[in-house]
Amino acid sequence: MSLNFDALEQHLTTRSYIEGYTPSQADVHVYNLLTAPEPSKYPHSARWYSHIKSYNAEHADLPGTSTAGQAFVQSASASAPAAADDEDEVDLFADDDEEDDAEAERLKAERVAAYNAKKANKPKAAAKSVVTLEVKPWDDETDMQALEDSVRSIEQEGLVWGASKLVAVGYGIRKLQITVVVEDELVSLDDLQEKVAEFEDYVQSSDIAAMQKL
């Protein structure tokens, strides 16, 4: 089976995962079909590949199905998925042998003007970041499920909680590592950490372990 890299890159330009807001079997399906993409040629696919690779030990346990991932395999011999930008339909350098040079230049100028107008009027996608937040408990007797439930209870516009796992720190203590997608203009990470710190019965401290723009 072959993969449509261009379609995958276009899809991941505005998304963190193949489907939904957390890693799933759709991501695993596509991940298993390719080697690491070239960051210079496919920057968004390379970012996604590295992120899914970090879940390698959990691939078999991730939720969902491979259905969404199969769309990128099926489209390899056809046109790009519907998500592809219709800007591709604009041919800036179309040529008509039946037109004289002056007419051809006029048509080309009209196409360029139409393309620029369409691009200028197109709404810009909100800037987002995927953040890995680490939350440390007081000791090995802290109820980690209650801690995670408390963290996930924080709700606000532009914030979506994702996958989580417990990571051993030492002496029987484990910390919560949880992924969250935020809209940069709506969510302040400092404010988010302050809200997490309010669960003082469970939380000793929190840190931003990783952050990447989408």
Chemist: Any sub-3.5 Å donor-acceptor pair from His59's side-chain atoms to Ile52's backbone N or O?
Modeler: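 Side chain of His59 to backbone of Ile52: a pair is present.
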Chemist: Taking Arg47 for its side chain and Leu12 for its backbone only, find out whether a donor-acceptor pair lies under 3.5 Å.
Modeler: yes
Chemist: With a 4.5 Å cut-off on side-chain heavy-atom distances among I, L, V, M, F, W and Y, is there a chain of contacts connecting Tyr42 to Leu33?
Modeler: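 Hydrophobic grouping puts Tyr42 with Leu33.
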Chemist: Let me see the working for Arg111 and Leu107 under side chain to side chain contact (heavy atoms under 4.5 Å, CB included), right down to the final yes or no.
Modeler: CA-CA 6 Å; Arg111 292 188 179 102; Leu107 290 174; 3.7 Å; yes
Chemist: Tell me whether Val181 shares a hydrophobic cluster with Ile208, the cluster being built from Ile, Leu, Val, Met, Phe, Trp, Tyr side chains joined at under 4.5 Å.
Modeler: no
Chemist: Does one hydrophobic cluster hold both Val30 and Val130, with members joined at side-chain heavy-atom distances below 4.5 Å?
Modeler: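 Val30 and Val130: separate clusters.
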Chemist: Nearest 0.5 Å please: distance from the CH2 atom of Trp138 over to the OG atom of Ser205.
Modeler: 8.0 Å
Chemist: Quick check: are there more than 12 heavy atoms from other residues, nucleotides or ligands sitting under 6.0 Å from CD of Glu38?
Modeler: no
Chemist: Between Asp207 and Ala209 (side chain of the first, backbone of the second, donor and acceptor by atom type, cut-off under 3.5 Å), is there such a pair?
Modeler: no
Chemist: Would a distance-only check, ignoring hydrogens and angles, find a side-chain to backbone donor-acceptor pair under 3.5 Å from Glu9 to His44?
Modeler: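 Judged by distance alone, yes, a pair lies under 3.5 Å.
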Chemist: Return the CD to OG1 distance between Gln10 and Thr13, rounded to the nearest 0.5 Å.
Modeler: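 Gln10 CD to Thr13 OG1: 5.0 Å, rounded to 0.5 Å.
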Chemist: Answer yes or no: is there a side-chain heavy-atom contact under 4.5 Å between Asp184 and Lys213?
Modeler: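 Side chain of Asp184 against side chain of Lys213, heavy atoms only: contact under 4.5 Å found.
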Chemist: When you measure from the side chain of Thr142 to the backbone N and O of Met144, does any donor-acceptor pair fall under 3.5 Å?
Modeler: no
Chemist: Can a donor-acceptor pair be found, under 3.5 Å and without considering hydrogens, that links the side chain of Arg15 to the backbone of Gly20?
Modeler: no
Chemist: Determine, using the 4.5 Å side-chain heavy-atom cutoff (strictly less than), whether Ile154 and Val203 are members of one ILVMFWY cluster.
Modeler: yes
Chemist: Taking the side chain from Trp48 and the backbone from Leu8, do they hold a donor-acceptor pair closer than 3.5 Å?
Modeler: no
Chemist: Within a 6.0 Å radius of atom OH on Tyr21, are there more than 12 heavy atoms belonging to other residues, nucleotides or ligands?
Modeler: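 No, not enclosed.
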Chemist: Would you compute the distance between atom NE2 of His11 and atom CG of Asp6 and round it to the nearest 0.5 angstrom?
Modeler: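 Interatomic distance, His11 NE2 to Asp6 CG, rounded to 0.5 Å: 14.5 Å.
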Chemist: Walk me through whether Leu214 and Thr14 qualify under side chain to side chain contact (heavy atoms under 4.5 Å, CB included).
Modeler: CA-CA 7 Å; Leu214 296 181; Thr14 57; over 6 Å; no
Chemist: Going by heavy atoms in the side chains, are Thr179 and Thr22 under 4.5 Å from each other?
Modeler: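 No, their side chains stay 4.5 Å or more apart.
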Chemist: Taking only residues two or more places apart in sequence, or in another chain, which ones meet Ser16 in a side-chain hydrogen bond (donor to acceptor under 3.5 Å, both in side chains)?
Modeler: none
Chemist: Using side chain to side chain contact (heavy atoms under 4.5 Å, CB included), reason through Asp27 and Leu62 one step at a time and then give a plain yes or no.
Modeler: CA-CA 9 Å; Asp27 295 282; Leu62 291 177; 5.8 Å; no
Chemist: Any chance you could lay out the side chain to side chain donor-acceptor pair (under 3.5 Å) test for Ser206 and Gln193, step after step, and finish with the verdict?
Modeler: CA-CA 7 Å; Ser206 67; Gln193 286 186 269; 3.1 Å; yes
Chemist: Do the non-hydrogen side-chain atoms of Leu176 and Ser164 ever get within less than 4.5 Å of each other?
Modeler: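 The answer is yes, as the side chains (C-beta and beyond) meet within the 4.5 Å cut-off.
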Chemist: Hey, is the main chain of His51 close enough, under 3.5 Å, to the side chain of Ser54 for a donor-acceptor pair?
Modeler: yes
Chemist: I'd like to know if the side chain of Glu148 reaches the main chain of Ile178, judged simply by a donor and an acceptor atom lying under 3.5 Å from each other, with no hydrogens or angles considered.
Modeler: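 Side chain of Glu148 to backbone of Ile178: no pair is present.
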Chemist: Is Leu133 linked to Val160 within one hydrophobic cluster, defined over Ile, Leu, Val, Met, Phe, Trp and Tyr using a side-chain heavy-atom separation of less than 4.5 Å?
Modeler: no
Chemist: Does the side chain of Leu34 come within less than 4.5 Å of Tyr49's, by heavy atoms?
Modeler: yes
Chemist: Count the heavy atoms belonging to other residues, nucleotides or ligands that lie under 6.0 Å from CD of Glu200, then report whether that count exceeds 12.
Modeler: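 Not buried by this count: 12 neighbours or fewer within 6.0 Å.
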Chemist: Taking the side chain as C-beta and beyond, is there a heavy-atom pair between Leu189 and Met211 under 4.5 Å?
Modeler: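 Leu189 reaches Met211 side chain to side chain.
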Chemist: Which is it for Arg106 and Glu103 under the salt bridge (charged side-chain N to carboxylate O under 4.0 Å, His left out) test, yes or no, and what are the steps along the way?
Modeler: CA-CA 5 Å; Arg106 183 185 68 79; Glu103 182 67 9; 2.3 Å; yes
Chemist: Measure from the side-chain N and O atoms of Asn32 to the backbone N and O of Val28, and report whether any donor-acceptor pair falls under 3.5 Å.
Modeler: yes
Chemist: Taking side chain as C-beta onward, heavy atoms only, is Tyr17 less than 4.5 Å from Pro23?
Modeler: yes
Chemist: Taking distance alone, no hydrogens or angles, what donor-acceptor pairs closer than 3.5 Å link side-chain atoms of residues 166-175 to residues at least two apart or in another chain?
Modeler:
{"residue": "Lys175", "atom": "NZ", "partner": "Glu134", "partner atom": "OE1", "Å": "3.0"}
{"residue": "Lys175", "atom": "NZ", "partner": "Glu134", "partner atom": "OE2", "Å": "3.3"}

Chemist: Under 4.5 Å between any side-chain heavy atoms of Tyr202 and Pro137, yes or no?
Modeler: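 Side chain of Tyr202 against side chain of Pro137, heavy atoms only: no contact under 4.5 Å found.
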Chemist: CH2/Trp161 to OG/Ser153 distance, rounded to the nearest 0.5 angstrom?
Modeler: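 Trp161 CH2 to Ser153 OG: 9.0 Å, rounded to 0.5 Å.
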Chemist: Does some side-chain heavy atom of Leu186 sit less than 4.5 Å from a side-chain heavy atom of Val182?
Modeler: no
